[in-house]
> 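Got a structure here, written out as structure tokens. Questions coming.
One-based numbering, in listed order, for ligands and for the atoms of each. All residue numbers in this chain count up from 1 along the given sequence.
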Amino acid sequence: MDSIAVRGNGPLHGDIPVSGAKNSAIKLMAASILTDQPLRLTNMPRLADTKFLGQLLRQFGVQVIESDGAAEAGVNGQQTLFHAAEITSTFAPYDLVRQMRASFNVLGPLLARTGHAKVSLPGGCTIGARPVDLHLDALSRLGAVIELEEGYVSAVAPKGLKGAEIEFPFVSVGATEHTLMAAVLAEGTTVLRRAAREPEIGDLVRCLTAMGAKIEGVDTDVLTITGVSSLSGADWAVIPDRIEMGSYACAAAMAGGEVRLTNARADLIQALTDKMVQAGVEVTPTDDGVVVKRDPAVRLRAVDVATEVYPGFATDLQAQFMTLMTTAEGESVIHENIFENRFMHAPELGRLGADISVHAGEARVRGVDGLKGAPVMATDLRASVSLVIAGLVAEGETTIGRVYHLDRGFERLEEKLGRCGAQIRRIHGPPVESPADEH
Ligand code: EPZ
């Protein structure tokens, strides 16, 4: 199990290229099941999660070939070809699904393509219970016959899926994507109301459209899908990772200095940068990203935030923003409205000297003069990076354990921050056999 050691080392200066979005890539990868033609994804992040899902897809008979092509404007050269010429298995075992809960979303595409699938239920995870009832209700509405048995979902649709009107009771990213992927091959029209509008869903809609799907309402909360009998392959560039981008924006704001985030889109993190500007950070959008600047001699001001569905403030940036507030002047109130248990980083930040109290979905962060390095433990992916950000300004050394969480979603983090002047290094430990949760 590796750890990361960071030493508080003054301001950051330099460029950080933003990678393709993990939370888009893994849904696009699942979409490759829907066609017997090759789907080539460029701007692919190389992460533990994409590697893991690649292994699962191979188990279904999908050919997965990674390569490094030429970089183009805004797109790095990393690409992967997925070719599901024939689906040879439709079984996703517990041991695989529990390691990455988004792999549950192969159920819909497998069902749409073959008419049957057996996929383990993912179970809970450290940030909340995270049920999949909305996914299962929606697939049933499309005509799937679903049985739950011994922790597995068995779904069949021997005569194919049928379009339906589905209104989600509340917004769910996963349920929207999952139902969308099933509906594109269903017979007739499906209308999804109260659909999530996260940019990664727009990316999936656009990629499916490039594959021949008929979908109206991209980027809105009503998606109308007219089923087609088959999809073709496509070449698709994964959208930039707004959470990685927002995390480095917080890092630059915390450490001070001037960092240019490239291969990115400023509009994707508007809710975050609005709050950063209120706190006293200088944010300048550019043609391919954003420049974040702060005079480290000037203290930031406390600002309140509440997490919301897109375009609101992302729950996946809450931990990083909380870190930023630990040394701001005044008290910041942070409401977490998406997941019930997503403040596990607060006690770890406390170990570095932060003053944070948590009651139910609300955290109160009273800014302190400075943080002090200590050993801390990463509890989930975004919590891990919030601890790295804290380590950038903490006096002495901060060692973050369990960084396998971080490796799920941040590509070459030490290199990217190191090039901007951070003193950060990886300490290699024995391999992790089987991280038992989540995302
Ligand atoms: C996606 O999770 C992301 N994961 C999460 O990122 C992100 O935090 C979340 O969306 C919200 O933006 C991926 O894209 C792989 P939801 P997802 O369904 O789809 C409840 C990261 O760090 N719910 O929108 O699981 C659920 O428990 C991860 O990269 C049900 O009750 O999120 C939660 O409280 C963490 N029943 C809320 O809805 C359901 O059937 C929103 O979850 C589905 C969800």
> So His135 and His178, would you call those rings parallel, tilted or perpendicular, with 30° and 60° as cut-offs?
perpendicular
> Do we see a donor-acceptor contact under 3.5 Å between the side chains of Glu336 and Thr315?
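Yes.
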> Does ligand 1 have any atom sitting under 4.0 Å from a heavy atom of Pro131?
yes
> Is it the case that Ser3 and Arg426 place a side-chain donor and acceptor less than 3.5 Å from each other?
no
> At the 4.0 Å heavy-atom cut-off, does Lys22 count as touching ligand 1?
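Under 4.0 Å: yes for Lys22.
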> Before signing off on this row, confirm whether Glu198 and ligand 1 have an N or O atom pair separated by under 3.5 Å.
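There is no such contact.
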> Under a heavy-atom criterion of less than 4.0 Å, does Glu308 contact ligand 1?
no
> Is Glu177 close enough to touch ligand 1? Criterion: a residue heavy atom under 4.0 Å from a ligand atom.
no
> I want to know if ligand 1 touches Ser172 in the polar sense, i.e. an N/O pair below 3.5 angstrom.
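Between Ser172 and ligand 1 (N or O atoms, distance only) the closest approach is under 3.5 Å.
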> Consider ligand 1: state whether an atom of it lies below 4.0 angstrom from any non-hydrogen atom of Val309.
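Not so, Val309 does not reach ligand 1.
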> Taking a cutoff of less than 4.0 Å between a non-hydrogen atom of the residue and any ligand atom, is Tyr310 in contact with ligand 1?
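Per 4.0 Å heavy-atom rule, Tyr310 does not contact ligand 1.
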> With a 4.0 Å heavy-atom cut-off (strictly under), which part of Asp316 contacts ligand 1: side chain, backbone, both or neither?
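The answer is the side chain of Asp316.
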